[in-house]
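Chain A is the first sequence line, chain B the second, and so forth, proteins listed ahead of strands; every chain is numbered from 1. Only heavy atoms go into these numbers, but all of them, side chains included; no hydrogens, no water, no symmetry mates.
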Amino acid sequence: MNAFQNGVYGLSRAAAALAALIIVAMTLHILLEIVLRSFFARSTFVLDEMVGYGIATATFLSLGYAFEQSSLIRVGVLVDRLHGRARRTVDAVCAVLMLAMMGLVGWHLGSTVLRSFAKGRKSSSLAEVPLWIPEFLCWLGILILCLQVFAYFCRQLSGHPGPVPRAIGTGQAH
Amino acid sequence: MEPLAAGLALTAFLVVFLGLGVWIFAGIMLVSAAGLYLLLGMDLSRVGSIAASISYRSAATWELAAVPLFIWMAELIFRSDVSDRLFRGLIPFVDRVPGRLLHTNVLGCTLFAAVCGSSAATTATVGKITMGELVRRGYDQNIAVGSLAGAGSLGLLLPPSIAMIIYGVLAEVSISRLFAAGVMPGLLVAGLYSGYIVVMAWLRPGIAPEGASRFKLRDYGVAVLNLLPIFFLMGIVLGAIYSGLATPSEAAAVGVFAAFALLTLTGQMRFALIRDSLMATVRTSAMVCMILVSASFLSTTLGYLHLPQELGAAIAAMHLDPIGLIMILSIFYLVLGIFVEGVAIIVMTLPMTLPLALAAGFDPVWYGVFLVLMVEIGLITPPLGINLFILQGMSGWSLWRVSRACGPFFVLFCLAVLLLVMFPQIALWLPNLLYGKP
């Protein structure tokens, strides 16, 4: 159980670290574009496209980590009043609902990735980015989120403490 | 399906899923999927393929990049000594004003909001220093907490603002105009807060202790030096936007650059600081962006159900005057603000309320400011208000006690909304002056 929990959380953290690097790259690309445009009257021509991939992949790749850190907010009207078994039951139901939804999205995004890969679809811009790359990274993020939610679900059943101390309330962990 | 019944069914799904405690973005997506599946009878594979393509496409909106970048900038500043300097720099200037250092909350948040695009970050960064100092120096704790919560939410109204970027993207309104439109209302709210503190200090002199020292010219000099970092950041971010060097969405990257420059120049740059700030950034940014993604899915579902048009027609048939409509919307947002949080409110309701407001003849820029004000009120209404959570953590009080301390500031916020409705020029004067009438 511990190995599974820690393994999934390690995966989430690795994906979040990748998301962090993507954010750094996005920042640098935007700054480069500003400098080129302002001082050299030139452009990289692909800023919108690259930053678009960046924000999508960074968002999805951070999901598992944000979930485990209790940063994904929820309404606490009910759950904050419950304790022990009742709380764990409601949390487990919420986890199943989330898994169902993200599973559905993940399944269909996965088939989009396969289609883009099989047909060799590329973006219509100068960069001609193979579309399966950003799509795959987003899909990977959803997969990791699902794994993390599943690990959370298992903890609700077993009462096992998670790798991250629970933040109080439903707010962001600061 | 009858539009009214469909609307009620969706609302019921929303109450059940969010009330149960499903994470907000997943709850909104479930409502949207349930709408397509149950109300329109689509099969599950079509629902899934719509959900997947909308999620991916809406996440890849490049203007959204401003969200993580503004958060990163704030996380960098949060870990620096900027807020400590801000507090010390403001002391000599507010010491003679009745209520004395209580004004550091309002002024500090106003200045910081002009650098940072998020309310949570503004509250956390300014409060990091002021909360402890004000309590230690014997100021009234209720006013200290309330004014911080209230003024902290100015982060959304004063440019740059994540909420306005999001509204601009969704409503297809110029973000520069929105930024300009937020300035006067933001200063109005800050003015109301400071005025309230002054009045309270006259009525109950006990809320602020007596001044201890007289300030010499040299003290003012030191204070100005302490305020330099914040003005440096503000100058770079707002300068980049208004000189046309960077678009409002790109200005966030300039802000990150400015924060790095400041940290390096003042010798505070550490690898651990960069790493921690980035990991905190991806957490918060994933939360905000995913709520936006889920909202695009919801608005797609609403579109399939023809709800916005039907609701618009129904309300138009009621022959409400614009003021009546805005009153209804205000009450709607106040109630919603009790349960739902910040950007989620904007994205969930915009597809429904924007067409109504436009049909009633409201300016989309004005409506954006109105909406952001309503969202800010939601930040300080229990049980779900980010600013309340942050203050709860800082003060160690119960949520209820923090909320009560925010009460007067909640009323002042409502007053600001009333003034904005009565005098739309408060919002529209500056953008019209800068960019001409639309």
Side-chain angles (χ1 to χ4, degrees), chain A residues 16-17 19-20 23-24 26-28 30-31 33-34 38 47-49 51-56 58-63 65-67 69 71-80 90-91 93-94 97-98 100-102 104-109 111-112 134-135 138 168-174, chain B residues 17-27 29-30 33 44-45 47-49 51-53 55-56 59-62 64-65 67-69 72 120 124 240 245-246 250 252-254 256-257 275 278-287 289-290 293 339-341 383-384 386 389-390 392-393 399:
Chain A
I23 287 177
V24 174
M26 261 171 18
T27 312
L28 294 176
I30 295 176
L31 290 173
E33 179 75 25
I34 293 174
S38 308
L47 179 73
D48 304 16
E49 185 190 350
V51 171
Y53 299 143
I55 181 72
T59 300
F60 285 103
L61 285 171
S62 321
L63 281 177
Y65 178 68
F67 175 81
Q69 292 270 341
S71 293
L72 300 178
I73 53 173
R74 58 199 293 211
V75 178
V77 183
L78 176 67
V79 282
D80 286 350
V90 173
D91 278 343
V93 170
C94 290
L97 286 168
M98 168 107 114
M101 187 66 232
M102 295 319 284
L104 186 69
V105 173
W107 180 263
H108 285 270
L109 194 58
S111 60
T112 310
E135 288 167 359
C138 292
I168 306 157
T170 49
Q172 292 155 278
H174 266 272
Chain B
F17 286 133
L18 294 191
L20 193 63
V22 179
W23 293 266
I24 289 184
F25 84 88
M29 291 181 87
L30 281 164
L44 213 51
S45 109
V47 174
S49 96
S53 69
S55 300
Y56 178 72
T61 310
W62 85 276
L64 280 190
V67 174
L69 299 192
W72 189 20
L245 211 58
E250 292 168 350
V254 178
V256 171
F257 171 75
R275 187 194 57 205
L278 268 172
M279 291 311 265
T281 302
V282 295
R283 288 201 298 265
T284 311
S285 154
M287 184 266 292
C289 291
M290 252 346 252
V293 166
F339 299 104
V340 195
E341 184 51 54
L384 195 66
I386 294 272
F389 295 143
I390 293 170
Q392 211 187 343
L399 188 66

Is the closest side-chain heavy-atom distance between [X] and [Y] below 4.5 Å?
{"X": "A:Cys94", "Y": "B:Leu20", "result": "yes"}
{"X": "A:His108", "Y": "B:Ser45", "result": "yes"}
{"X": "B:Thr61", "Y": "A:Ile55", "result": "no"}
{"X": "A:Leu47", "Y": "B:Glu250", "result": "yes"}
{"X": "B:Phe25", "Y": "A:Met102", "result": "yes"}

Worksheet item: Are there more than 12 heavy atoms of other residues, nucleotides or ligands under 6.0 Å from atom OH of B:Tyr56?
Response: yes
Practice prompt. Select, from B:Ala65, B:Ala280, B:Ala240, the one with the greatest count of heavy-atom pairs under 4.5 Å involving chain A.
Written response: B:Ala65
Worksheet item: In terms of heavy-atom pairs under 4.5 Å with chain A, which of B:Ala52, B:Gly21, B:Ala26, B:Ala286 leads?
Response: B:Gly21
What part of [X] lies closer than 4.5 angstrom to a heavy atom of chain B: side chain, backbone, both or neither?
{"X": "A:Ala16", "result": "both"}
{"X": "A:Thr27", "result": "both"}
{"X": "A:Glu49", "result": "neither"}

Is [X] in contact with chain A via its backbone, its side chain, both, or neither, using a 4.5 Å heavy-atom distance?
{"X": "B:Leu69", "answer": "side chain"}
{"X": "B:Ser49", "answer": "both"}
{"X": "B:Val256", "answer": "side chain"}

Can you name the nearest heavy-atom pair linking [X] to [Y], along with the distance?
{"X": "A:Ile34", "Y": "B:Leu245", "value": "CG2-O, 3.9 Å"}
{"X": "A:Met26", "Y": "B:Pro68", "value": "CE-CG, 4.2 Å"}
{"X": "A:Phe60", "Y": "B:Ser55", "value": "CZ-O, 4.1 Å"}
{"X": "A:Val105", "Y": "B:Ala51", "value": "CG2-CB, 3.9 Å"}

Distance (rounded to the nearest 0.5 Å) between [X] [atom1] and [Y] [atom2]:
{"X": "A:Ser62", "Y": "B:Met290", "atom1": "OG", "atom2": "CE", "answer": "10.5 Å"}
{"X": "B:Ser285", "Y": "A:Ile23", "atom1": "OG", "atom2": "CD1", "answer": "5.0 Å"}
{"X": "B:Trp23", "Y": "A:Leu63", "atom1": "CH2", "atom2": "CG", "answer": "13.0 Å"}

Worksheet item: Can you tell which of A:Leu28, A:Asp48, A:Leu61 has the highest number of heavy-atom pairs within less than 4.5 Å of chain B?
Response: A:Asp48
Worksheet, complete the sentence: If you tally heavy-atom pairs under 4.5 Å between each of A:Gly52, A:Ser38, A:Ala66 and chain B, the highest tally belongs to A:Gly52
